[in-house]
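This report concerns only the one structure given below.
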Amino acid sequence: MTMRLAAAVVVMVVVAAAAMSVEAELSVDYYKKSCPGVENVVRYHVAKALKANRKEGAALVRLIFHDCFVRGCDASVLLDPTAENPHTEKTAPINIGLAAFELIDEIKAAVEERCPGVVSCADIVIYAARDASILLSNGHVHFDVLAGRLDGRVSRAADAQRDLPDSTFTISELIRNFRRKNFTIEELVILSGAHAVGVGHCSSLRARLTAPPEQILPGYRSLLAGKCAAGEDPIVPNNVRDEDPAAVAATIPSFLPKLRKFEFLDNSYYHNNLARIVTFNSDWQLLTEKKARGHVHEYADNGTLWDEDFSDALVKLSKLPLPPKAKGEIRRHCRRVNTHHY
């Protein structure tokens with residue numbers, strides 16, 4: 001082995017070891033020296049996107065959950081399918097409707113221009129979700145992002161199907177699913193509150209169209225049935241307060257005064273749940289277990305508490321690590337792994 005090659009091997013080993021050490025030691029000021037101002041860059045692009053289309057915010061909040069709950073927070077959900085791996089996480093049926101990938105690309109490009117090869121896509125996903133949460137909640141949801149993650153090189157649809165909770169789950173299945181990631185019943189209820197924003201596909205809520213009145217308000221069931229009959233797999237707002245006024249007037253006219261002009265991340269999900277006007281079976285299931293039901297009432301009564309607890313739950317979610325012995329890197333492009341290692 002030549003001296004030059006030996007030196008190169010040593011450098012790669014040192015960089016890899018340092019990277020794995022960094023992965024285990026997340027910190028708030030991780031990029032203070034290596035990429036100062038990176039959070040300002042992310043914040044600018046998120047704010048610009050939400051000003052143009054507020055729905056991008058809900059998509060970013062959804063991304064953090066769908067990434068971190070599978071193989072930890074490693075941006076594996078961003079990887080596009082390839083000939084070698086045609087079934088990445090984003091192709092999984094349970095990930096139907098995931099969005100904001102182009103916005104993450106835009107942010108990554110801006111960050112790469114500023115600090116090439118320094119900031120992981122995984123950290124960008126967390127920063128963007130945090131900034132979207134702040135904007136959607138008018139500042140009520142906020143937290144400091146711990147950074148220093150690596151991007152994963154593995155992405156499998158089967159892992160997403162196995163790890164992510166399905167909208168058809170019973171309360172027992174939901175509790176088991178969250179417990180596997182070390183989340184409590186209370187945290188299950190807290191994170192479910194993110195359904196105050198965003199949209200869902202009719203294929204994810206078919207069971208609600210035949211649910212009995214004690215599980216869903218008949219007028220809301222009629223509204224969903226009408227929406228879902230309009231195409232092969234239409235989308236509907238997760239929050240009835242963001243529904244089309246004409247559809248609400250035709251099915252639950254008494255709800256018209258509660259409609260809102262903009263998507264807003266707040267505790268309205270819990271009020272809707274108690275009124276049996278939530279979208280998914282998994283939402284309604286929270287009322288079928290004593291502890292979960294108690295927390296639904298708690299957050300319906302105290303929106304400020306939910307803001308604080310949701311912020312804490314996102315921090316805990318953002319700390320979910322890569323699997324043991326998983327290899328990480330700083331991707332040059334978020335949609336594909338690097339051809340060569342650093």
Side-chain angles (χ1 to χ4, degrees), residues 26-28 46 57-75 77 98 100 122-147 149 163-167 169 171 173-198 238-239 263-273 278-280 282-283 285-287 289 291-322:
L26 305 178
S27 64
V28 171
V46 171
L60 290 172
V61 175
R62 190 180 181 210
L63 266 186
I64 183 178
F65 184 85
H66 283 248
D67 183 39
C68 294
F69 236 61
V70 184
R71 299 187 60 82
C73 304
D74 67 345
V77 75
L98 282 184
D123 282 340
I124 287 174
V125 168
I126 309 298
Y127 283 136
R130 185 270 308 272
D131 294 339
S133 298
I134 291 173
L135 292 169
L136 287 173
S137 68
N138 287 349
H140 294 295
V141 173
H142 56 85
F143 57 94
D144 292 327
V145 170
L146 297 166
R149 296 165 190 79
D163 289 349
L164 289 167
D166 193 89
S167 62
F169 273 8
I171 188 63
E173 290 171 318
L174 288 168
I175 291 171
R176 283 198 301 271
N177 177 269
F178 274 70
R179 187 182 294 140
R180 282 200 299 269
K181 302 294 181 179
N182 198 31
F183 282 85
T184 65
I185 293 175
E186 181 178 16
E187 289 164 334
L188 158 63
V189 176
I190 292 166
L191 288 169
S192 296
H195 287 167
V197 293
N238 286 340
N239 195 324
E263 284 195 331
F264 191 69
L265 187 59
D266 60 8
N267 71 329
S268 59
Y269 165 82
Y270 302 101
H271 291 280
N272 294 345
N273 207 338
V278 281
T279 313
F280 305 115
S282 55
D283 294 325
Q285 285 286 324
L286 299 182
L287 300 181
E289 197 274 340
K291 284 186 179 179
R293 184 171 61 252
H295 290 304
V296 171
H297 280 281
E298 178 183 29
Y299 292 119
D301 293 339
N302 193 335
T304 300
L305 179 63
W306 181 76
D307 293 335
E308 295 170 353
D309 288 355
F310 185 65
S311 300
D312 291 342
L314 288 183
V315 171
K316 181 174 178 177
L317 186 65
S318 77
K319 292 179 181 178
L320 289 176
L322 273 70

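R149 places no side-chain N or O within 3.5 Å of a backbone atom of C73 that could act as its donor or acceptor partner. With hydrogens and angles disregarded, no donor-acceptor distance shorter than 3.5 Å links the side chain of W306 to the backbone of A300. Counting only distance, with no hydrogens or angles, the side chain of T279 and the backbone of N238 share a donor-acceptor pair below 3.5 Å.
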Handout entry: Trace of the side chain to side chain contact (heavy atoms under 4.5 Å, CB included) decision for Y269 with V197
Key = CA-CA 9 Å; Y269 165 82; V197 293; over 6 Å; no
Practice task
Starting from the C-alpha separation in whole Å, work towards a yes-or-no answer on side chain to side chain contact (heavy atoms under 4.5 Å, CB included) for S268 and N239.
Solution key: CA-CA 8 Å; S268 59; N239 195 324; 2.9 Å; yes
Exercise for the section: For side chain to side chain contact (heavy atoms under 4.5 Å, CB included), just list the numbers for L98 and V77, CA-CA rounded to whole Å, side-chain angles, deciding distance to a tenth of an Å, and then say yes or no. Expected result: CA-CA 9 Å; L98 282 184; V77 75; 3.5 Å; yes
Problem - Working for side chain to side chain contact (heavy atoms under 4.5 Å, CB included), residues T304 and H140 - result: CA-CA 8 Å; T304 300; H140 294 295; over 6 Å; no
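Screening residues 293-302 for side-chain hydrogen bond (donor to acceptor under 3.5 Å, both in side chains), with sequence neighbours left out, gives E186-Y299, H295-E298, Y299-D309.
Rounding to the nearest 0.5 Å gives a distance of 6.0 Å between CG of L191 and CZ of F183. Atoms CG and CD, on L265 and E263 in that order, are 9.5 Å from each other to the nearest 0.5 Å. Summarising the geometry, atom CG belonging to D307 is positioned 11.0 Å from atom CG belonging to D312; distances are rounded to the nearest 0.5 Å. The CG atom of L136 lies 8.5 Å from the CG atom of L60; values are rounded to the nearest 0.5 Å. How far CG of L320 is from CG of D67: 10.0 Å, rounded to the nearest 0.5 Å. Annotation: the span from L174 atom CG to Q285 atom CD amounts to 7.0 Å, rounded to 0.5 Å.
Counting only N and O atoms by type, the side chains of S282 and D166 include no donor and acceptor under 3.5 Å apart.
L63 places none of its side-chain heavy atoms less than 4.5 Å from the side chain of F65. Side-chain contact between C68 and I126: present, with at least one pair of heavy atoms (C-beta onward) separated by less than 4.5 Å. A 4.5 Å side-chain heavy-atom check between L188 and L286 finds at least one atom pair inside the cut-off. Between N267 and F310, every side-chain heavy-atom pair lies at or beyond the 4.5 Å cut-off. A 4.5 Å side-chain heavy-atom check between L314 and R130 finds every atom pair outside the cut-off.
Scored by the side-chain hydrogen bond (donor to acceptor under 3.5 Å, both in side chains) test, N273 finds no partners at all (sequence neighbours excluded). Residues meeting the side-chain hydrogen bond (donor to acceptor under 3.5 Å, both in side chains) test with S167, sequence neighbours left out: none. Legend: residues meeting side-chain hydrogen bond (donor to acceptor under 3.5 Å, both in side chains) with K316, ordered by chain and number and at least two apart, are E187. The ring pair (Phe, Tyr, Trp, His ring centres under 6.0 Å) test applied to F264 returns no partner, not counting sequence neighbours. Qualifying ring pair (Phe, Tyr, Trp, His ring centres under 6.0 Å) partners for Y127, counting only residues two or more places apart in sequence or in other chains: none.
Across all their heavy atoms, V46 and A132 have their closest contact at CG1-N, 3.9 Å. Heavy atoms only, all atoms of each residue included: A122 and A75 are closest at N-CB, 3.6 Å.
Annotation: F169 is not in aromatic contact with F280 [ring centroid separation under 6.0 Å not met].
A salt bridge links K181 with D163: at least one charged nitrogen is closer than 4.0 Å to a carboxylate oxygen.
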